Amino acid sequence: MSNEAVLHAHSGAHDGHEDHSHEHHHQSFISKYVFSQDHKMIAKQFLITGMVWAVLGGFMSVLFRLQLGYPDSSFPWLETILGKWAKGGHITPEAYYALVTTHGTVLVFFVLTAGLSGTFANFLIPLQIGARDMASPFMNMLSYWFFFAASIVMLSSIFVETGPFSGGWTAYPPLSALGDASPGSKSGMDLWIVSMALFVVSSLLGGLNYIATVLNMRTKGMSMTRLPLTIWALFFTAVLGVLSFPVLLSGFILLIFDRNFGTSFYLSDIFINGVGALPNEGGSAILFQHLFWFLGHPEVYIILLPAMGMVSEILSVNSRKPIFGYMAMIGSLFAIAILAFLVWAHHMFVTGLNPLLGSVFVLLTLLIAVPSAIKVFNWLTTLWRGNIRFTPGMLFAIGFVSLFISGGLTGIWLGNSALDIHLHDTYFVVAHFHIVMGVASMFGMFAGIYHWFPKMYGRFLNNTLAYVHFWVTIAGAYMIFWPMHYEGLAGMPRRYYDYSIWESFKQFQDLNQFISLVAMIVFAVQFLFLFNFFYSIFRGRKVTTQNPWDANTLEWTTPINPGHGNWPGEIPEVHRWPYDYGKDGVDFIPQTTPVGADESVEH
């Protein structure tokens with residue numbers, strides 16, 4: 001299949017496609033919907049699995065916000081759901097930490113990494129570069145099933161008797177390296193590591209496939225400088241993942257050794273109450289932090305870059321204007337990809353890092369603001385005086401820009417090593433990374449779903465429900481996370497179970513209740529989106545034209561419901577860049593339109 005795909009991509013021959021369509025008609029349910037090798041179906045599998053995890057992860061946050069907002073109240077229904085983890089309607093401290101840990105893990109990795117990259121890299125790369133499928137459709141299928149296996153193992157960790165892992169999503173030793181450290185460090189932690197190892201395999205299989213496809217399978221005329229910014233962003237994301245995920249895996253392998261085979265990579269001079277001194281010597285918990293954050297900081301951009309690429313595309317299409325500074329946008333993506341590897345130790349300013357080394361990481365951290373600012377400037381100038389259509393996808397794209405600016409600015413505070421000593425591990429950090437990485441990337445994901453849903457399912461989503469979803473979510477996101485900056489500036493630490501017993505933080509009780517209330521409302525509104533999504537798959541207004549958004553990129557030249565192979569007949573040839581909007585008095589000029597002799601030269 002992959003050889004055939006390469007052949008198609010380069011020759012545009014359509015004799016092979018007849019086999020494709022023939023094969024498409026006689027596929028069984030299992031080969032078409034379950035073990036599918038069609039990149040579009042695999043994208044939908046990633047998306048729906050990611051959505052299941054988003055609901056579970058979001059529900060966990062509602063449960064622990066309930067504890068933070070109403071620490072003295074008891075909720076009998078909690079005991080019905082959580083059993084011994086909520087005796088008498090009170091979440092236990094162990095359950096609270098397990099909820100926080102699992103929420104962080106699944107949202108960062110399973111939703112915003114697999115759900116975002118897995119969905120849109122799979123769906124858009126072949127369609128936008130003019131390829132029949134991925135370089136290796138079989139490997140692509142495997143990447144989803146490794147992710148699915150990781151999901152099953154992570155889910156099972158919630159049901160073991162000692163409970164899921166509860167040492168924080170960053171899994172710092174010694175809590176993660178010692179089974180005796182707490183109940184949440186026992187078998188739940190082993191399952192957590194196995195799940196994350198499977199997840200890394202899935203990411204590597206996907207990433208290598210995306211890179212090979214972009215480099216080798218572009219259609220005739222599709223030079224690298226004619227690629228949509230979406231593809232550039234997904235390409236750099238894949239490169240980041242392939243280079244950084246193996247480091248995380250190595251960190252986890254050493255953790256398994258420390259937990260089960262008596263090694264001391266991360267352990268030294270540990271005393272356990274009732275047991276005394278452990279024999280481990282010579283290890284360093286700081287080593288794990290270096291290995292974790294060497295992935296952990298590129299991970300922020302593995303999550304953000306796909307959203308940035310899709311937002312660039314959606315802003316241009318719905319502003320009816322060329323994207324401003326195409327080459328600068330590619331350059332800034334490249335700069336972000338490089339700098340992402342050079343800033344990991346800014347998470348470690350309080351670990352006793354040499355101040356001189358700290359100052360180097362401060363400089364590199366602040367430097368990453370430059371390519372980020374270029375992107376923001378280019379998005380705003382693309383919008384400037386555009387003929388804007390406020391589609392739901394466009395609103396979420398503009399929302400992404402807003403969140404990226406406001407969340408990114410607080411990173412300047414945290415990137416300063418002197419200030420970070422005060423702000424580290426406070427609610428200021430929670431507020432910063434939830435806005436800039438969590439909520440912003442979710443907005444990028446929603447923008448992508450609303451924009452490409454007609455291509456995915458041949459139907460439109462309901463706009464009224466979409467507008468309600470957008471306005472409640474953006475207002476709610478700011479109302480949840482903006483006040484947390486003030487709590488953090490006052491020194492309120494994160495990951496504490498009950499603040500009402502602290503004289504210094506009692507003053508925030510009303511604010512915590514407000515945040516918890518808004519969090520519940522925002523979570524509830526996501527069900528409106530879920531209803532809209534699944535209802536519209538079967539009952540939404542049907543798409544009647546190939547190109548409902550009047551866009552220039554290649555995916556809108558395929559049939560309304562493309563089969564496996566994407567184009568019946570030859571793959572179209574590309575003659576121009578993807579952003580010829582409002583040129584020479586013409587609203588839009590698709591990439592497949594040959595350049596006219598009398599055309600003005602702008603690009």
Side-chain angles (χ1 to χ4, degrees), residues 50-75 77-78 81-82 85-86 89-91 95-108 110-112 115 168-169 396 399-400 402-403 406-407 410 426-443 445-446 468-488 490 492-500 505 507-531:
M51 283 160 72
V52 170
W53 273 118
V55 171
L56 286 172
F59 182 60
M60 288 172 194
S61 69
V62 166
L63 291 179
F64 63 71
R65 276 309 325 176
L66 208 57
Q67 164 60 33
L68 291 171
Y70 305 92
D72 301 324
S73 310
S74 72
F75 302 94
W77 57 271
L78 278 177
I81 299 175
L82 299 175
W85 302 106
H90 270 290
I91 293 177
Y96 174 82
Y97 290 117
L99 285 169
V100 171
T101 301
T102 314
H103 162 82
T105 306
V106 300
L107 262 296
V108 168
F110 289 16
V111 179
L112 292 172
W169 75 276
F396 274 100
F400 170 87
S402 163
L403 289 156
S406 53
T410 54
T426 69
Y427 265 78
F428 195 93
V429 177
V430 178
H432 161 72
F433 86 78
H434 273 87
I435 288 181
V436 78
M437 185 180 94
V439 186
S441 299
M442 285 303 280
F443 268 60
M445 195 169 177
F446 284 134
V468 174
H469 176 219
F470 169 75
W471 287 111
V472 176
T473 307
I474 192 159
Y478 275 121
M479 286 155 86
I480 292 165
F481 296 112
W482 204 253
M484 289 185 189
H485 290 96
Y486 300 102
E487 296 181 331
M492 184 164 145
R494 67 200 274 201
R495 292 181 179 157
Y496 275 53
Y497 168 72
D498 183 357
Y499 294 95
S500 62
F505 305 126
Q507 56 179 325
F508 292 122
Q509 193 49 47
D510 289 345
L511 189 55
N512 276 335
Q513 276 184 16
F514 171 76
I515 292 170
S516 295
L517 203 61
V518 178
M520 289 170 215
I521 293 167
V522 170
F523 180 67
V525 162
Q526 305 317 307
F527 285 94
L528 202 63
F529 165 74
L530 288 173
F531 169 77

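Please read all numbers here as calculations on a predicted model, not as lab measurements.
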Shortest non-hydrogen pair, F505 vs P493, comes out as CE1-CD, 3.5 Å
Provide the closest heavy-atom pair for P483 versus L511 in the form atom of the first, atom of the second, distance.
-> CB-CD1, 3.7 Å
So, F508 versus Y499, ring centres under 6.0 angstrom or not?
-> no
Mark yes or no for whether Q509, through its side chain, and G69, through its backbone, hold a donor-acceptor pair below 3.5 Å.
-> yes
Not counting sequence neighbours, which residues clear salt bridge (charged side-chain N to carboxylate O under 4.0 Å, His left out) with R65? List them please.
-> none
Compare every heavy atom of R494 with every heavy atom of Y427, then report the nearest pair and how far apart it is.
-> CE1-CA, 3.7 Å
All heavy atoms of L112 vs all of S441, minimum pair found to be CD2-CB, 3.9 Å
Got a second to check how far I435's CD1 is from I480's CD1, nearest 0.5 Å?
-> 10.0 Å
Please output the side-chain donor-acceptor pairs of residues 54-64 that fall under 3.5 Å, not counting sequence neighbours, one pair per line with the distance.
{"from": "S61", "atom 1": "OG", "to": "G58", "atom 2": "O", "distance (Å)": "2.6"}

Please name all residues satisfying side-chain contact (heavy atoms from CB on, under 4.5 Å) with L107, sequence neighbours left out, ordered by chain then number.
-> H103, V111
For Y497, ring-ring contact (aromatic ring centres under 6.0 Å, His included) partners two or more places apart | Y96
Check F396 against F470 and note the closest heavy-atom contact, atom names and distance.
-> CZ-CA, 3.5 Å
Among residues two or more places apart or on two chains, list those pairs meeting side chain to side chain donor-acceptor pair (under 3.5 Å) that have a residue in residues 473-483.
-> S402-Y478, S406-Y478, T473-Q526
Knowing that exactly one of V522, L403, I474 qualifies, which makes a side-chain contact (heavy atoms from CB on, under 4.5 Å) with V439?
-> L403
Sorted by chain and number, sequence neighbours left out, side-chain contact (heavy atoms from CB on, under 4.5 Å) with V108 holds for W169, E299, I303, M437
